[in-house]
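We count residues from 1, following the sequence as given.
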Amino acid sequence: MPGREPTPAWGISSSGIGSSAVEIHRGDCFAGGAMQPLSAERARAELADEVQFCGVCRPGRALNRS
């Protein structure tokens, strides 16, 4: 559809107002809310830095992380 941004493969979102917690999500995750798009390399780096991953879409499996 013209004018629509493609869905990113990966994204990062904060868990809410006033919270510094963030989570990595698959781009199509319904639990991600408003996400900033990430490359796969950046998502892997964030997971390596112990950023939490979403328990719904479990991006760690697809990014070869548990």
Please report the interatomic distance [atom1]([X]) to [atom2]([Y]), rounded to the nearest 0.5 Å.
X	Y	atom1	atom2	result
Ile12	Arg42	CD1	CZ	7.5 Å
Trp10	Cys29	CH2	SG	11.0 Å
Arg26	Leu63	CZ	CG	9.0 Å

Minimum-distance pair of heavy atoms, taken over all atoms of [X] and [Y]:
X	Y	value
Cys57	His25	SG-CA, 3.7 Å
Cys54	Ala31	SG-CB, 4.3 Å
Val51	Leu47	O-CD2, 3.6 Å
Ile24	Ala43	CG2-CB, 4.1 Å

Within-4.5 Å side-chain heavy-atom neighbours: Glu23 and Phe53: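 The answer is no; the side chains never approach within 4.5 Å.
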
Is Leu38 reachable from Val22 through a run of hydrophobic residues whose side-chain heavy atoms are each under 4.5 Å from the next?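 Looking at the clustering, Leu38 is in the same group as Val22.
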
